[in-house]
*Asks:* 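This is the structure, below, for whatever I ask next.
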Protein chains: 2
Amino acid sequence: MTVTIKDIARKVGVSPSTVSRALNGNTRISDTTTRKIQEAMEELDYHPNSLARNFANGLTYCIGLIIDARDENTFANAFFNRSVFAIEKVIQEYGYSLMITNDRKKEGKSTVENLMLEKKVDGLIMPSSIVRPELIMELNQAGFPFIVMGEPKKYKTDATWIDVDNELGSHMAVEHLIQSGYSKIALVTEKANTVFTQKRLAGYLACLKKHNIQINQDLILQYGQDITADNKRIEELMSGNSHPDAFLCGNNIIAFNVLKTLKNINYRIPDDIGIVTFDNYPVAEYTDPPLTAVDVDTYGMGIQVAKQLLRKIQDNSKDTNHMYIPTNIIVRESSMKGDRKNNDKNGGAS
Amino acid sequence: MTVTIKDIARKVGVSPSTVSRALNGNTRISDTTTRKIQEAMEELDYHPNSLARNFANGLTYCIGLIIDARDENTFANAFFNRSVFAIEKVIQEYGYSLMITNDRKKEGKSTVENLMLEKKVDGLIMPSSIVRPELIMELNQAGFPFIVMGEPKKYKTDATWIDVDNELGSHMAVEHLIQSGYSKIALVTEKANTVFTQKRLAGYLACLKKHNIQINQDLILQYGQDITADNKRIEELMSGNSHPDAFLCGNNIIAFNVLKTLKNINYRIPDDIGIVTFDNYPVAEYTDPPLTAVDVDTYGMGIQVAKQLLRKIQDNSKDTNHMYIPTNIIVRESSMKGDRKNNDKNGGAS
DNA sequence: TTGTACGCGTTATCAT
DNA sequence: ATGATAACGCGTACAA
């Protein structure tokens with residue numbers, strides 16, 4: 001049989017409510033009975049039944065983390081994962097558990113809606129990619145706490161969101177390239193219609209303008225589905241008159257392909273052409289030469305997300321706000337024009 | 001106010017138990033009342049309260065997935081993540097949610113123990129790295145369902161576990177290298193005291209023996225903490241008389257370092273030396289040349305893990321068994337001795 | 001400080 | 001096929 005507070009109460013000779021109070025510590029209980037109760041719990045190996053506790057409280061002590069089913073790579077994305085790690089750590093400290101769910105549709109209602117409606121979680125964290133207007137409205141109307149990871153395209157003021165400061169990151173990268181002696185800088189983005197691409201473009205343009213460098217639309221490219229064709233376009237670009245002397249790439253895979261293409265047509269990196277990539281994963285460190293990367297403290301981002309959500313839950317606050325996580329730049333060989341390379345020694349990173 | 005089955009019952013003019021039955025569909029309910037109940041639920045926007053339902057059933061409909069806090073890379077490990085993705089998908093189909101927890105100690109009891117004792121999950125999935133005898137005993141004694149991911153070092157018969165077939169993978173890799181014309185094959189492992197390293201060694205030895213190739217202990221190496229020193233050892237090994245003509249590496253990072261070192265001392269890959277690595281992540285595909293890899297269907301592994309656990313839960317079966325997930329080999333340039341290389345075309349993978 | 005009584009929403013048992 | 005009733009374990013007004 002499972003041991004309940006009644007068993008403890010009977011053994012100690014008090015009422016169940018006293019045991020309950022001793023457990024939660026809200027009310028004052030005499031030291032002696034408290035001690036007796038604790039001893040009895042030890043002896044009978046009592047463990048609170050969270051099923052009953054949650055039911056009585058109407059709380060789940062669970063946070064739902066939604067992942068985007070459409071993005072096969074979400075789970076393989078180290079960026080995302082470090083955040084998850086941080087989120088779990090924080091909420092666990094506050095007595096919450098982390099529930100991870102894919103956003104699937106199920107008989108009309110989506111998984112996310114059911115998480116709220118069926119009281120399976122007390123709060124939600126979700127990627128901006130799944131944010132739909134109806135969902136936001138529904139959550140807000142119910143006063144249900146949630147945080148969006150990534151700046152949403154619309155409804156920016158109807159949700160609290162946290163995102164990487166992509167504009168800053170892009171600005172830093174361009175600044176670094178200019179300081180390193182490059183001037184004709186190309187920007188190679190992923191899909192153009194995302195918020196983060198737009199922000200990166202903005203940072204790129206702003207930094208060029210700051211340095212009075214003329215914008216050349218031919219240097220603003222996009223990598224799409226057909227990698228081979230995209231690489232071909234880089235080749236063609238390089239054969240033109242005003243070809244770039246540096247590339248800022250939207251992610252590691254783009255950067256790797258640009259690097260490979262340039263090497264194939266006998267450009268030397270970084271002496272002829274500089275390369276900087278967004279994100280430090282998965283290959284930035286392992287290409288030849290290693291890639292300078294715009295990095296983000298994704299762990300810190302997770303911490304922020306979790307804390308914001310817990311605050312919302314505990315304060316029952318309905319305000320919305322947003323926050324940008326600053327970027328930093330990890331300088332590696334791919335952008336060190338003219339620097340002496342250390343090919344044989346690469347230890348000693350602090 | 002929240003809508004309950006009582007509200008539905010009142011509206012339809014039946015008893016709450018009838019509504020409950022209509023919800024769960026165990027018992028026969030007349031078609032007319034069933035329809036009326038469904039209509040009422042639509043109209044009042046009723047949603048079952050899982051808190052109450054779980055309490056009444058004494059079930060959480062949650063599966064706990066434990067991750068190893070000591071391994072900083074667990075969450076960044078694409079291998080692991082693909083499994084998680086699969087697990088979530090399967091259990092979700094069966095009405096379960098996935099709870100992810102780090103294995104921390106908390107006031108004597110570990111997180112894992114509390115998950116069971118406080119009835120927060122109905123079953124557990126955990127990595128072999130956290131398996132301790134006391135834990136296994138405790139779970140078994142309580143008749144609590146759990147699956148271990150990875151072959152445990154001890155207590156193999158006290159738990160149901162699923163692991164990659166590392167011995168097969170190693171055997172396949174060596175076979176492939178031999179078929180490709182290499183004969184002096186080195187094995188570079190990670191930590192030696194793990195089960196998977198031992199299995200890989202066994203597969204390596206068996207395949208050499210099968211081909212009547214003499215074992216050379218000097219060709220069985222280990223990469224540890226000091227990468228620079230390890231690389232140096234490779235250099236020294238290559239300067240010896242009976243140096244290897246191929247390397248089977250325990251993971252991508254080791255393989256990358258071996259590759260880099262060999263290139264530094266002017267060996268050509270794959271013409272002079274062949275390289276095969278375990279795992280296809282994170283960089284196998286992106287090195288120069290791309291690395292042949294021993295790969296595993298981690299997604300399929302997750303499916304198996306989830307199904308096994310659900311079976312245990314539903315059948316309340318206390319039997320233990322184990323299963324090896326077969327490996328396959330992805331052949332890339334790093335082991336294609338003498339083959340014509342396709343440097344400029346790399347599309348067309350089906 | 002402690003006890004009594006009740007409620008949380010659902011399911012299961014036992015009737016009818 | 002359906003209704004009445006109890007029970008799940010805990011928290012909390014209210015009373016003492």
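Here the structure is a predicted model, which is why all the values come from computation and not from measurement. When reading the values below, keep in mind they use all heavy atoms of this one structure, side chains included, and skip hydrogens, waters and symmetry mates. To find a chain, count down the sequence lines: A is the first, B the second, and so on, and within it residues start at 1.
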*Asks:* Can you check the A:Lys36 NZ to C:dT1 P distance for me, whole Å?
*Replies:*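 Distance check: A:Lys36 NZ to C:dT1 P gives 15 Å.
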
*Asks:* Remember a base hit wins even if backbone is also touched, and classify A:Pro16 as base, sugar-phosphate or nothing at under 4.0 Å, heavy atoms.
*Replies:*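 A:Pro16: no heavy atom of the nucleic acid under 4.0 Å.
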
*Asks:* Given that B:His47 and B:Arg21 both sit by DNA chain C, which one's nearest nucleotide is further toward the 5' end?
*Replies:*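 Its nucleotide being nearer the 5' end, the pick is B:His47.
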
*Asks:* Would you mind classifying the nucleic acid contact of B:Ile5 as base, sugar-phosphate or nothing, using non-hydrogen atoms under 4.0 angstrom?
*Replies:*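 Counting heavy atoms under 4.0 Å across all strands, the contact made by B:Ile5 includes a base.
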
*Asks:* Of the options D:dG11, D:dA4, C:dT10, whose atoms approach the side-chain atoms of A:Ala56 most closely?
*Replies:*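 Nearest to the side chain of A:Ala56 among the choices is D:dG11.
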
*Asks:* Specify the separation, in whole Å, of atom NZ of A:Lys6 and atom P of C:dT4.
*Replies:*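 From A:Lys6 NZ to C:dT4 P: 13 Å.
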
*Asks:* For A:Lys119 and C:dG9, give me the distance from atom NZ to atom P, rounded to whole Å.
*Replies:*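 Distance, rounded to whole Å: 9 Å.
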
*Asks:* How close do B:Ser50 and A:Glu118 get, heavy atom to heavy atom, and via which atoms?
*Replies:*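 Minimum heavy-atom contact is OG-O, 2.6 Å.
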
*Asks:* Between B:Asn49 (side chain) and B:Leu51 (backbone), is there a donor-acceptor pair under 3.5 Å?
*Replies:*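 The answer is yes, because a donor-acceptor pair under 3.5 Å joins these two groups.
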
*Asks:* Grab the CZ-C1' distance between B:Arg53 and D:dG9 for me, whole Å please.
*Replies:*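 In whole Å, D:dG9 C1' lies 19 Å from B:Arg53 CZ.
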
*Asks:* Are a donor atom and an acceptor atom from the side chains of A:Arg35 and A:Gln38 found within less than 3.5 Å of each other?
*Replies:*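 On atom types as modelled, these side chains do not qualify, holding no pair under 3.5 Å.
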
*Asks:* At under 4.0 Å between heavy atoms, what does B:Val14 touch on the DNA or RNA strands: base, sugar-phosphate, or nothing?
*Replies:*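 Since only primed, P, OP1 and OP2 atoms lie under 4.0 Å of B:Val14, the category is sugar-phosphate.
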
*Asks:* Using a 4.0 Å heavy-atom cut-off across all strands, classify A:Ser30 as base, sugar-phosphate, or nothing.
*Replies:*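 Sugar-phosphate contact only.
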
*Asks:* Heavy atoms only, 4.0 Å cut-off, all strands: where does A:Ser20 land among base, sugar-phosphate and nothing?
*Replies:*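 If one applies the 4.0 Å heavy-atom cut-off, A:Ser20 turns out to touch a base.
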
*Asks:* With distance as the sole criterion, is a donor-acceptor pair present between the side chains of B:Asn321 and B:Thr160 under 3.5 Å?
*Replies:*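 Judged by distance alone, the side chains do pair up.
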
*Asks:* Mind telling me whether A:His322 and A:Trp161 have parallel, tilted or perpendicular rings, with 30° and 60° as the class edges?
*Replies:*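 Parallel, since the angle between the ring planes stays under 30°.
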
*Asks:* Would you say A:Thr2 places a side-chain N or O within less than 4.0 Å of OP1 or OP2 belonging to D:dG9?
*Replies:*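 Yes, within the criterion.
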
*Asks:* Starting at CD1 of B:Ile29 and ending at P of C:dT11, how long is that distance when rounded to a whole Å?
*Replies:*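 Checked: the CD1 to P distance equals 12 Å.
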
*Asks:* Starting at CG of B:Asn24 and ending at P of C:dG9, how long is that distance when rounded to a whole Å?
*Replies:*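 Distance check: B:Asn24 CG to C:dG9 P gives 17 Å.
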
*Asks:* D:dG3 C1' sits how many Å from B:Arg10 CZ, rounded?
*Replies:*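 The distance from CZ of B:Arg10 to C1' of D:dG3 comes to 16 Å, rounded to the nearest Å.
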
*Asks:* If you measure from the ring centre of B:Phe55 to the centre of the six-membered ring in the base of C:dC8, is it under 5.5 Å, with the planes under 30° apart?
*Replies:*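 Not stacked by the 5.5 Å and 30° rule.
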
*Asks:* Taking the minimum atom-to-atom distance to the side chain of A:Thr18, which one of D:dG11, C:dG3, C:dG9 wins?
*Replies:*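 From the listed options, C:dG3 comes nearest.
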
*Asks:* Hey, what bend do you get for the helix from C:dT1-D:dA16 to C:dT16-D:dA1 if you fit axes on five pairs at each end, rounded to 10°?
*Replies:*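 Rounded value for the end-axis angle: 30°.
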
*Asks:* Is there side-chain contact between B:Ile67 and B:Ile100, with at least one heavy-atom pair below 4.5 Å?
*Replies:*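 The answer is yes, as the side chains (C-beta and beyond) meet within the 4.5 Å cut-off.
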
*Asks:* Supply the atom-to-atom distance A:Tyr324 OH to A:Met301 CE, rounded to the nearest 0.5 angstrom.
*Replies:*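 It is 11.5 Å, given to the nearest 0.5 Å.
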
*Asks:* Please evaluate the base of C:dT10 for a donor-acceptor partner in the side chain of B:Ser17 within a cut-off of under 3.5 Å?
*Replies:*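 No, the side chain and the base share no sub-3.5 Å donor-acceptor pair.
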
*Asks:* With heavy atoms under 4.0 Å as the rule, sort B:Asn54 into base, sugar-phosphate or nothing.
*Replies:*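 Counting heavy atoms under 4.0 Å across all strands, no contact is made by B:Asn54.
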
*Asks:* Hey, which sits more toward the 5' end of DNA chain D by its nearest nucleotide, B:Asn57 or B:Val19?
*Replies:*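 The answer here is B:Val19.
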
*Asks:* Can you measure B:Arg35 atom CZ to D:dA1 atom C1' for me and round it to whole angstrom units?
*Replies:*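 Value for this atom pair: 16 Å.
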
*Asks:* Judged by atom type as modelled, is there a donor-acceptor pair below 3.5 Å linking the side chain of A:Thr34 to the main-chain atoms of A:Ala22?
*Replies:*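 It does not hold such a pair.
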
